[in-house]
Amino acid sequence: MNLTTIYNSAAASPTHPSSLFPQITRCKTMKQLHQVHALFLKTGQINDPLAAAEILKFCSLPAHRDIEYARKVFRQMSEPNCFSWNTIIRALTESDEINETNEPLEALLLFTEMLTDGTVLPNQFTFPSVLKACARTGKLLEGEQAHGLALKFGFEKDEFVASSLVRMYVMCGAMEKAQFFINKMMAEFENGGKLVKDKRRTEGNIVLWNVMVDGYVRVGDLTAARELFDKMSQRSVISWNVMISGYAQNGYFMEAIEMFRLMQMGEVRPNYVTLVSVLPAISRIGALELGKWVHLYAERNEIVIDDALGSALIDMYAKCGSIEKAVQVFNRISKPNTITWSAIIGGLAVHGRAKDALDYFSRMEHEGVTPSDVVYIGVLSACSHAGLVEEGRLFFNHIVNEVDFEPRLEHYGCMVDLLGRAGLLKEAEEFIMNMPIKPDDVIWKALLGACKMHGNIEMGDRVARILMNMAPHDSGAYVALSNIYAASRDWESVARVRLKMKEMDVRKDPGCSWIELDGVVHQFLVEDESHPRAKEIHSMLQEIAEQMRLVGYKPDTSRVLLNIDDEEEKESTLYYHSERIAIAYGLISTSPGTPLRIVKNLRVCEDCHSSIKLISKIYTREIIVRDRKRFHHFENGSCSCRDYW
DNA sequence: ATAGGGTTAG
């Protein structure tokens, strides 16, 4: 055991010896504390600043925080010492009352009072709280003044003060200032300087480094974050968690998973937060095997699967195509909160299980959990995926009239999708016109998609124009419009759209699919030939095409968005859609009968959808495809979406 | 005294 472990275990020990005031140490509740307080008032012990400070500390503890009481005790102190000031400032800083009474701001006012009063000077314990109060209230100017004072008092290089400083700058959005200070500290390191640190600690400055890495993560500069991370001589579990959640929250899902894998090769063990951080990345990639492994890891290592970790697991199973497992996890959570309910309802919704989603919604209300706005997004999207127009309208009206939040863009989006897909194009358009908030591109895209689905060229044309104005460099509108023209064989208009795309330098997003085999995620781009087994994949694709021809399938090339006259070549571009490459690879890499799970970044095209139905029949495989929007369970020639998607 | 986490329309 090294020094650090000894120090940490001492700090973690539940009975911190406060032998001076055993009465307070023994207190369990605020009520008991009141009695001790009364006793101290009677005996005059209250005039001892140490005793008063202990009382202050007790009512500031998260377990029984009573800031009002703390405030009163503090105000009644005749000679508060530095510890008293620090305790009350810290209690106010940590307060959640940031909107109502703004207690973190009160902490800053108290700090200035401490300075003007001048009887006691701030010490190195004062600044972390003060800086955190600045960070929480976004007060950069005050933060800089505090920085000046910290420098003046000689605490700038204190490990705790330094990390609080970086955090303050980062949280106030002053990245260049954070960087400036970081550079200054880095120069110190390079000159062999060290931060002033607690003598009992041997670890060095992990926290400061962690805060720095987190700073880069928060502005989305993962390259800088990673560079710093790689330079660290020691990393704690938090260093890893910051990188993993940083990648995951900024959309670098593969990188998050890779980090998680690297972590396991070192000596730092994943903890609860690690699992909660990596799960969203696993969900997005659809890596079911890895997700199962995380679940097992939690169970084996006695990591409690509470409402938060449970929500992440439910979402993971749902997004990885295993909705039954998601339901199982849900049933084992003792106290599901509104996020847990969102996860299961949203999961059922993307699987097209609208009835179940609505049942869960009723259960939730029955159990007295107030549904959040996100829950209603799940409910509306369930209605939309199943074409439950009336139910959807009722829920939407319920939100408008009964619930105490205003519908958000997402709710409107669901409604446009619901109405549009049901063919109520006119109503959907009017719905958008009457929205009290400005519709975004997603709303218009939902309507455009409906126009495409129902072949409404006139409205499609109009909506596409609006979209091209709103987001001229987004390929979505161009591709959809071109598909609308192509479906009605208006090749001239198709050519016009393509020309426009070229002019605007807009390219169609490349299709990309993933398949996980034996815990390894394989990624395929459209027309991908980079895989080590590309040759075999190619032959398999040929074989599939041949098998499909034998059962009389004629590819639908009408939507091929390429300037190709040769019909055969058009057909072959369809074979090379990324999901088909992934399926072909799945077929040659797994034993007969194994279900295949594919994740795709875009929507599945019409032709792939009908082809996969056939493939599932010809090869007797269950094929589960998660596209951009929902799940398709292909089995024995049909799909769970009943071709309504 | 300082650092990390879950759900969200197409």
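Sequence lines set the chain letters: A, B, ... in the order given, protein chains first and strands last, and positions in each chain run from 1.
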Between [options], which one does the side chain of [X] approach most closely?
X: Val442(A); options: dG6(B), dG4(B), dA9(B); result: dA9(B)
X: Phe160(A); options: dA1(B), dG6(B), dT8(B); result: dA1(B)
X: Ser236(A); options: dA3(B), dT8(B), dG6(B); result: dA3(B)
X: Pro280(A); options: dG10(B), dT7(B), dG4(B); result: dT7(B)
X: Ser164(A); options: dT8(B), dA9(B), dT2(B); result: dT2(B)
X: Ile339(A); options: dG4(B), dA9(B), dG6(B); result: dG6(B)
X: Val207(A); options: dA9(B), dG4(B), dA3(B); result: dA3(B)

ask   = So, does the side chain of Asp441(A) form a donor-acceptor pair with the base of dG10(B) at under 3.5 Å?
value =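 A donor-acceptor contact between them is absent.
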
ask   = Do Asp373(A) side-chain and dA9(B) base share a donor-acceptor contact under 3.5 Å?
value =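 Side chain to base: no pair below 3.5 Å.
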
query = Just how far, in rounded Å, is C1' of dT7(B) from CD1 of Ile314(A)?
reply =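 For the pair Ile314(A) CD1 and dT7(B) C1', the rounded distance is 10 Å.
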
ask   = Can we say Arg167(A) and Asp214(A) salt-bridge, meaning some charged N sits less than 4.0 Å from an Asp/Glu carboxylate O?
value =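 A salt bridge is present here (some side-chain N lies under 4.0 Å from a carboxylate O).
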
query = Do Phe74(A) and Trp85(A) have ring centroids that are under 6.0 Å from one another?
reply =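 Here the rings of Phe74(A) and Trp85(A) have centres that are less than 6.0 Å from each other.
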
request  = Determine which pairs satisfy salt bridge (charged side-chain N to carboxylate O under 4.0 Å, His left out) with at least one residue from residues 238-250 of chain A, sequence neighbours left out, and list them in order.
outcome  =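 Qualifying pairs: none.
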
Donor-acceptor pair between Asp373(A) and His411(A) side chains, under 3.5 angstrom =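 There is no such pair (donor and acceptor under 3.5 Å, judged by atom type) between the side chains of Asp373(A) and His411(A).
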
key: side-chain N/O His385(A) vs dG10(B) OP1/OP2, d < 4.0 Å   =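 Yes, within the criterion.
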
